[in-house]
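Taking it in order: structure first as structure tokens, then the write-up.
Quantities reported herein were computed from a predicted structural model and do not represent experimental measurements. Letters go in sequence order (proteins before strands), and every chain restarts at 1.
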Amino acid sequence: MPLPPLTAKGVVIGAEAKDWRAAVRVAGEALAETGSATPRYAEEMIRMIEEHGPYVVIAPGLALAHARPGPEVLKDGLAVVTLRTPVPFGHPHNDPVTVVLGLAAVRADTHLPSIAAIANIFNDPGAIAALVGASSVEQVLDIMGVDG
Amino acid sequence: MKIVAICGAGIGTSGILKVNAERVLQRLGIEAEVTAADIGSIAEVADDAQVILTSAEFVDAIGRTFADVIVVQNYLDTSEIETKLEAALG
């Protein structure tokens with residue numbers, strides 16, 4: 001089961017973000033860098049959280065930012081952002097966030113296998129700490145199981 | 001048995017929940033169909049569901065239902081999902 005496409009351009013290490021919106025924007029910029037989404041996609045991801053709350057913080061320290069498939073998505077893709085300073089998203093149990101994943105999906109129904117691959121990586125309780133400790137893009141790609 | 005995982009967009013978080021719920025169900029030896037869906041389609045998808053898996057934010061929006069609504073805090077903690085599914089199904 002392959003991950004959504006993740007390349008070096010989709011990795012940002014030690015990003016400075018003053019709040020959760022800024023953190024999601026970094027992930028959005030990375031998705032735009034990789035050509036997976038337009039720059040506006042970041043605002044779509046922020047809007048999902050404004051609308052539905054911080055449920056995207058799916059586990060302690062980990063946010064899976066994403067919006068619905070739509071015109072802002074150009075192709076399937078993934079971004080991995082580690083934050084220099086943990087940022088609260090307002091989640092009652094899983095704050096603060098240290099790793100933000102940005103996910104862009106062209107279609108809702110066909111990309112479930114790639115979501116399963118994300119679950120596989122992060123079902124390992126050490127994965128988040130390993131990402132936070134990574135000091136190079138190559139290390140991040142390695143933890144994510146991607147050949148740099 | 002039908003189980004529905006609900007999130008805002010129906011593509012990301014509910015997908016993780018679906019995958020991990022399927023793992024747990026397999027471990028428990030329970031046959032069930034798990035669907036991931038967005039909160040907007042709750043009326044159609046959850047009509048005949050026995051269990052709805054979601055996070056606290058969506059409980060109000062799910063509204064009245066005959067299904068057991070299970071709130072999951074850590075989507076990646078299969079033991080949490082297992083404990084809560086067992087309690088609901090047992």
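Heavy-atom pairs under 4.5 Å with chain A peak, among B/Gly8, B/Ala36, B/Cys7, at B/Gly8.
More than 12 heavy atoms of other residues, nucleotides or ligands lie within 6.0 Å of CZ in B/Arg27, so this atom counts as buried by the packing criterion. Applying the 6.0 Å contact sphere to NZ of A/Lys9 captures no more than 12 heavy atoms from other residues, nucleotides or ligands.
Sorted by first and then second residue, the side-chain hydrogen bond (donor to acceptor under 3.5 Å, both in side chains) pairs with a member in residues 49-64 of chain A read A/Arg21-A/Glu50; sequence neighbours excluded.
Atom-to-atom distance recorded for A/Ile115:CD1 and B/Lys18:NZ is 12.0 Å, nearest 0.5 angstrom.
Interface residues of residues 62-75 of chain A toward chain B, defined by a heavy-atom distance below 4.5 Å and sorted by number: A/Leu62, A/Leu64, A/His66, A/Ala67, A/Arg68, A/Pro69. Of residues 40-67 of chain B, those residues lying under 4.5 Å from chain A by any heavy-atom pair are B/Ser55, B/Glu57, B/Phe58. Interface with chain A: from residues 74-81 of chain B, residues B/Asn74, B/Tyr75, B/Leu76 qualify, criterion being any non-hydrogen pair under 4.5 Å.
Of all heavy-atom pairs between B/Ile16 and A/Ala119, the closest is CD1-N, 4.0 Å.
Residues B/Ile3 and B/Ile39 do not share a hydrophobic cluster, defined by chaining ILVMFWY side chains whose heavy atoms lie under 4.5 Å apart. A/Val12 and A/Val80 are not part of a single hydrophobic cluster, where members link through side-chain heavy atoms under 4.5 Å apart. Linking Ile, Leu, Val, Met, Phe, Trp and Tyr whenever their side-chain heavy atoms come within less than 4.5 Å puts B/Val24 and A/Ile121 in one cluster. Hydrophobic clustering keeps A/Ile46 apart from A/Ile58 (ILVMFWY residues linked when any side-chain heavy atoms are closer than 4.5 Å, directly or through intermediates). Both B/Val72 and B/Leu85 are part of a single hydrophobic cluster, where members link through side-chain heavy atoms under 4.5 Å apart.
Heavy-atom distances place no part of A/Pro125 under 4.5 Å from chain B, backbone and side chain included. Contacts between B/Leu17 and chain A at a heavy-atom distance below 4.5 Å are absent for every atom of the residue. For A/Asn94, the part sitting under 4.5 Å from any heavy atom of chain B is the side chain, from C-beta outward, and nothing else.
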